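This one's a predicted model, so the numbers in the text were calculated from it and none came from an experiment. Just so you know, ligand 1 is whichever comes first in the structure, and atom 1 is the first atom listed for that ligand.
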Amino acid sequence: MASMVADGLRQGKDFLGPGLPERKDRMTADSFNAVEIDLAALRENYANIQAVAGAGVRVMAVVKADAYGHGMVAAARSLWEAGARTFGVAEIEEGIALRQAGVGGEIVILLGILPAAAPEIVRHDLTPVLFDLETVAELSRRAVAAQKEVDVHLKVDVGMGRLGIAPEQAVVFASAIAGLPGLRLAGLLSHLPMADQPEAAAATAGQLALFNRVLAQVAALAPADRFVHIANSAGLLYHPASRFNMVRAGISLYGCYPDGAAVPVAGRPVLRPVMRFVSRVLQVKELPAGAGISYGHTFVTSRPTRLAVLPVGYDDGYLRRLSNRAVVLIRGQRMPICGRVCMNACMADITDLPDAATVKPGDEVVLMGCQGDEEIDADQVAAWLETISYEVLCLFGNRNRRIYRN
Ligand SMILES: *Cc1c(COP(=O)(O)O)cnc(C)c1O
């Protein structure tokens, strides 16, 4: 998956790599569209999450999927400045890329590895999640050969139905790891499937109880300073009993609440959106009543209409499902998208904009984020797309040029 993202970027247009400064001199030749990443907001979210987690709890900053579209290396460096020392990625190649960018600390490979990747784990001091005895054995051999000790985290499946060993296997696995040279059982983890659903609180409590039983069984096999973690952002925010001594924060770092709630609830940290998706007006035109707009004429003007043509479409992640559904911000006002979204273009009806006559090519259009006093957040876009904020951030962030601020 990570390589697909990277391929997408290589094929994509005009990508400014993570960490590169904004190049004002290139503006005229750049794509019309960009995601703006506010690194100050990212650091602030990290600090607020750490405060909620508590002083004794390590926050793993999850930066997989190119940091949910925000750019993995730039995000990790900024989070390091904010105090992060543990990072979570999906695949080993992401961990290697972080090391090659000079990121220190602990880098946990959340999807784990196949045995063949053991030498790379050892070489780059990465921390794999383990759930397979063949991988355990191979990693031990490679660590011994390199005269190193490798930290590993053992994953137990307590109800996610995804990666991890069965709870009954925990003692066998923990004993195997403890008994092999070159390995240190530095962490025990699991994952919660429904921590974001208040109505599933009983199921979450049951999974936590099972996890606690497994922990009690393997306690003597792990060092005293091992990390215990099961909480994603939803666990961390809504289930304090799931925090143990490490939490894995992903979506919350990027400024979204995992349950999509727009209304802040007492005790929730303030989270600020980190990504803004902007485009520009390409053409402004006037059309009479009765004019059909875009493919299929799914929108027909009912009055003399002022139209802004925008150079953004489904190739830029602004999906066709947004046709006749989304709104964009122009001059700080919400303006509807009318007609079908095309591959690289769509249209906004700006007739109702008070100063519509002064809108001109080059004016900023916000597809997601703030402009003036108005805001379109990722959850709003997700509702139009019938999905979740996570997918929106990956979609916009990994399809467009990134500009870093702060
Ligand atoms: C992605 C991921 C997380 C982060 O989840 P959020 O809901 O984004 O906080 C945590 N744990 C694992 C295993 C993950 O894959």
Subject >> From the candidates Lys64, His191, Arg248, the one that places a heavy atom nearest atom 14 (C) of ligand 1 >> reply: Lys64

Original post:
What protein heavy atom sits nearest atom 5 (O) of ligand 1, and how far off is it?
Top reply: Asn232 CB, 3.5 Å

Original post:
Where is the nearest protein heavy atom to atom 9 (O) of ligand 1: which residue, which atom, and how far?
Top reply: Ser233 OG, 2.5 Å

Subject >> For Ile251, the ligand 1 atoms whose distance to one of its heavy atoms is below 4.0 Å >> reply: 6 (P), 8 (O), 9 (O)

Original post:
Which bit of Arg162 gets closer than 4.0 Å to ligand 1, counting heavy atoms only: side chain, backbone, both or neither?
Top reply: side chain

**OP:** Among all protein heavy atoms, pick out the one at the shortest distance from atom 7 (O) of ligand 1; state its residue, atom name and that distance to 0.1 Å.
**Re:** Tyr390 OH, 2.6 Å

Original post:
Taking 4.0 angstrom as the limit, do Glu81 and Arg77 come out as a salt bridge?
Top reply: no

Original post:
What residues, two or more places apart in sequence or in another chain, satisfy ring-ring contact (aromatic ring centres under 6.0 Å, His included) together with Phe87?
Top reply: none

Subject >> Residues that Asp38 engages under salt bridge (charged side-chain N to carboxylate O under 4.0 Å, His left out), provided they are two or more places apart >> reply: Arg272

Subject >> Interfacing atoms of ligand 1 (cut-off 4.0 Å, heavy-atom, Tyr68) >> reply: 1 (C), 4 (C), 5 (O), 6 (P), 8 (O)

Original post:
Any chance the side chains of Tyr257 and Asp379 put a donor and an acceptor closer than 3.5 Å?
Top reply: no

Original post:
Has ligand 1 got any nitrogen or oxygen that is less than 3.5 angstrom from a nitrogen or oxygen of Ala249?
Top reply: no

Subject >> Check ion pair Asp125-Lys148 (N to O, under 4.0 angstrom) >> reply: yes

Original post:
Any cation-pi pair here, Arg85 with Trp80, using under 6.0 Å and within 45°?
Top reply: yes

